[in-house]
**Q** 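Following this message is one structure expressed as structure tokens.
To find a chain, count down the sequence lines: A is the first, B the second, and so on, and within it residues start at 1. A quick note: this is a predicted structure, and the numbers were derived from the prediction, not measured.
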Amino acid sequence: MPDGSYAHPQQRQFNPYTENGGTILAIAGADFTVIAGDTRQSEGYSIQTRYAPKVFRLTDRAVLAVNGFAADGNMFVKKVKQRLEWYRHAHAKDMPLRAIARLIQTMLYAQRFFPYYVYNILGGIEEDGSGAVYSFDPVGSYEREACRAAGAAQSLVQPFLDNQIYFKNQQLPPGQTRPLHLSLSDVLSIVIDSFTSATERHIEVGDGLEIYVVLAKGRGPQGLEAVRGAQELTTNAEGDRVFIVRRELKKD
Amino acid sequence: MDHFPTSWGRPRTEAYDAYNTFPLHQRPNPGHKDAFAEGVQRTQQPIVTGTSVLGILYKDGIMLVADTLASYGSLARFKSIQRLHPVGSSTVIGASGDMSDFQYLQTLLEELIIEEFAEADKHELGPAEIHEYLSRIMYGRRSKMNPLWNSLLVAGKKDGKRFLAYVDLLGTTYSASTIATGYGAYIALPLLRTAVEGKEDTLTEEEARKILEDAMRVLFYRDARSLDKYQIAIVNDEGVTISEPKKIETEWGFAEGIRGYGAQIQ
């Protein structure tokens with residue numbers, strides 16, 4: 001009883017979770033996917049570090065962004081990477097994207113009664129060469145989508161994406177149809193603008209931005225060669241290709 | 001162990017029933033197996049605690065600083081406790097939070113270092129490995145809802161690479177060029193960031209020491225759980241050195257002029 005007396009047994013519960021801020025975002029194109037996250041890690045009003053990556057390359061065609069409780073996130077990524085390595089040793093190939101998505105759902109649901117407090121967004125290239133984004137809740141519910149934002153500034157970024165990617169609430173001029181897929185350069189601009197805007201209005205977003213771009217096998221660089229500081233991470237030149245682009249965000 | 005003979009059941013031989021316990025009254029709660037079950041306690045709160053630890057990168061290595069106080073609530077209980085601890089030859093850890101949990105971690109690390117030494121394979125655990133080990137211990141214990149109540153800094157230099165990282169009771173980890181635990185994260189960290197960020201590769205040992213001493217002085221002025229006695233740990237190419245305890249030079253003359261706080265209104 002919270003009356004301050006010692007007449008009743010007192011139980012103070014240890015809280016095994018915390019929130020470490022930050023935001024992640026992924027957008028799928030026709031033959032590419034962009035997965036991004038800021039690099040700030042915070043707790044309460046304190047910035048712990050200005051560089052703690054939230055986006056991780058899993059294979060040459062899959063990139064995972066993890067947001068929420070950082071300790072759970074790091075442990076989860078570590079375990080997913082381990083399962084993918086076992087798969088590689090067993091089958092002499094990388095796990096396909098949709099299989100990684102189902103693996104992640106299984107791994108999350110396995111912790112249903114002591115969940116990993118993390119929101120996952122998986123992006124990459126499907127076996128048919130299309131760009132794909134899978135988004136998850138902490139206990140494993142997932143769906144394939146064209147775009148998704150998660151984390152501290154989800155409520156700021158997702159409506160912007162609904163408008164810019166799904167063209168929600170946009171009245172097109174008569175006779176004009178909306179494009180089914182946006183170009184890579186348009187998507188990159190939308191991603192960067194999303195994060196600069198989220199940084200303006202959300203205290204837990206900022207410091208740095210890491211953007212991963214996955215290109216389907218055999219497609220041209222789609223203007224990526226003109227992007228400042230784009231760096232290729234691909235291990236196998238024959239398959240899908242992974243690039244990383246880094247940008248600064250405001251640090252206040 | 002259940003110390004109630006009546007719970008032990010029927011003796012196996014008729015001859016042996018020294019305590020004459022069977023058949024006797026039933027215990028009030030036979031389902032209750034262990035009389036001391038309620039005595040099994042988990043750390044719900046820290047008891048004897050250390051306050052902030054500060055760490056910065058400088059030109060030749062890393063510096064940690066911590067005062068030597070272990071408090072019992074608001075009582076300054078132990079005034080000469082070392083909170084900086086060398087691990088192996090290239091790492092030092094600094095602990096805030098529960099001091100008994102910290103001493104337990106010291107025994108674990110000692111065990112780890114001995115095991116590694118016994119391999120005699122010319123490999124040594126560096127700061128990155130020590131940090132990984134500690135973070136796995138801390139995250140494992142938080143997952144058992146039985147945490148080790150500490151915030152730890154791990155600092156070291158191995159193969160010419162400087163390392164400074166943090167781990168706490170939740171298993172949260174991160175790395176940065178300046179880190180502070182506890183109150184230091186609010187009071188000292190802004191000062192350290194202004195003094196260090198962007199100058200990690202140019203700060204000399206003397207400059208770094210001055211920055212940390214100034215930060216410790218500010219902490220002593222404002223953190224009620226701190227002490228004016230501190231130790232500095234330096235890790236550079238020569239290895240780990242932990243200084244003897246030193247006094248913080250303080251100036252309280254300004255206090256005379258302060259008016260208007262609390263009961264003092266004159």
Side-chain angles (χ1 to χ4, degrees), chain A residues 6 8-22 37-54 56 66-79 81-82 107 110-118 138 204 206-208 248 250-252, chain B residues 38 41-47 52 55 57 97-98 101 131-132 134-153 164-190 192-194 196-198 200:
Chain A
Y6 292 98
H8 317 279
Q10 307 266 316
Q11 182 82 37
R12 222 188 312 268
Q13 255 280 302
F14 163 67
N15 178 193
Y17 294 114
T18 188
E19 279 261 19
N20 295 108
D38 69 327
T39 63
R40 176 176 292 181
Q41 187 177 112
S42 58
E43 190 173 15
Y45 290 138
S46 301
I47 297 172
Q48 294 183 316
T49 179
R50 300 191 191 280
Y51 185 69
K54 281 191 271 291
F56 303 90
V66 185
N67 193 237
F69 173 32
D72 270 354
N74 291 330
M75 183 53 68
F76 186 71
V77 168
K78 185 181 292 219
K79 293 199 166 188
K81 280 184 171 172
Q82 186 177 45
M107 290 176 68
Q111 290 283 5
R112 174 61 181 80
F113 298 109
F114 189 16
Y116 288 113
Y117 190 48
V118 285
E204 292 173 4
D207 291 332
E248 291 292 307
K250 283 172 73 175
K251 298 184 193 309
D252 54 3
Chain B
E38 285 182 348
Q41 286 197 7
R42 293 170 161 175
T43 308
Q44 303 294 341
Q45 53 174 322
I47 306 296
S52 330
L57 252 53
D98 194 280
D101 284 352
H131 179 256
E132 181 70 22
L134 281 174
S135 67
R136 296 291 283 261
I137 295 282
M138 300 297 272
Y139 183 80
R141 288 291 294 261
R142 87 96 217 188
S143 299
K144 290 179 182 162
M145 294 296 277
N146 188 193
L148 294 170
W149 216 286
N150 297 108
S151 297
L152 305 160
L153 295 193
L164 175 61
Y166 168 97
V167 57
D168 67 12
L169 74 165
L170 292 172
T172 307
T173 56
Y174 58 88
S175 171
S177 62
T178 55
I179 309 184
T181 70
Y183 244 94
Y186 302 109
I187 297 176
L189 197 56
L192 296 181
R193 282 185 179 156
T194 326
V196 174
E197 271 184 9
E200 292 90 351

**Q** Can you see which heavy atom on B:L170 is nearest to which on A:A71, and at what distance?
**A** O-CB, 3.7 Å

**Q** Among A:R50, A:Q41, A:E43, which residue satisfies the side chain to side chain contact (heavy atoms under 4.5 Å, CB included) criterion with B:Y174?
**A** A:Q41

**Q** Please flag which part of A:F114 lies under 4.5 Å from any non-hydrogen atom of chain B: side chain, backbone, both or neither.
**A** side chain

**Q** Charged N to carboxylate O under 4.0 angstrom, B:E197 versus A:K251?
**A** no

**Q** Under 4.5 Å from any heavy atom of chain A, what part of B:S135 do you find: side chain, backbone, both or neither?
**A** neither

**Q** Could you measure the distance from the OH atom of A:Y116 to the OG atom of B:S143? Nearest 0.5 Å is fine.
**A** 8.0 Å

**Q** Checking A:Y45 against chain B: side chain, backbone, both or neither under 4.5 Å from a heavy atom?
**A** neither

**Q** Can you tell me how far apart CZ (A:F69) and OG1 (B:T172) are? Round to the nearest 0.5 Å.
**A** 4.5 Å

**Q** Among the options A:T49, A:N15, A:N74, pick out the one with the most heavy-atom pairs lying under 4.5 Å from chain B.
**A** A:T49

**Q** Determine the minimum heavy-atom distance between B:A176 and A:Q48, stating which atoms define it.
**A** CB-O, 4.3 Å

**Q** Of the listed residues (A:D72, A:T18, A:I47, A:N20), which shares the most heavy-atom pairs with chain B below a 4.5 Å separation?
**A** A:D72

**Q** Looking at A:F56, I want to see if its CZ is surrounded by more than 12 non-hydrogen atoms of other residues, nucleotides or ligands under 6.0 Å.
**A** yes

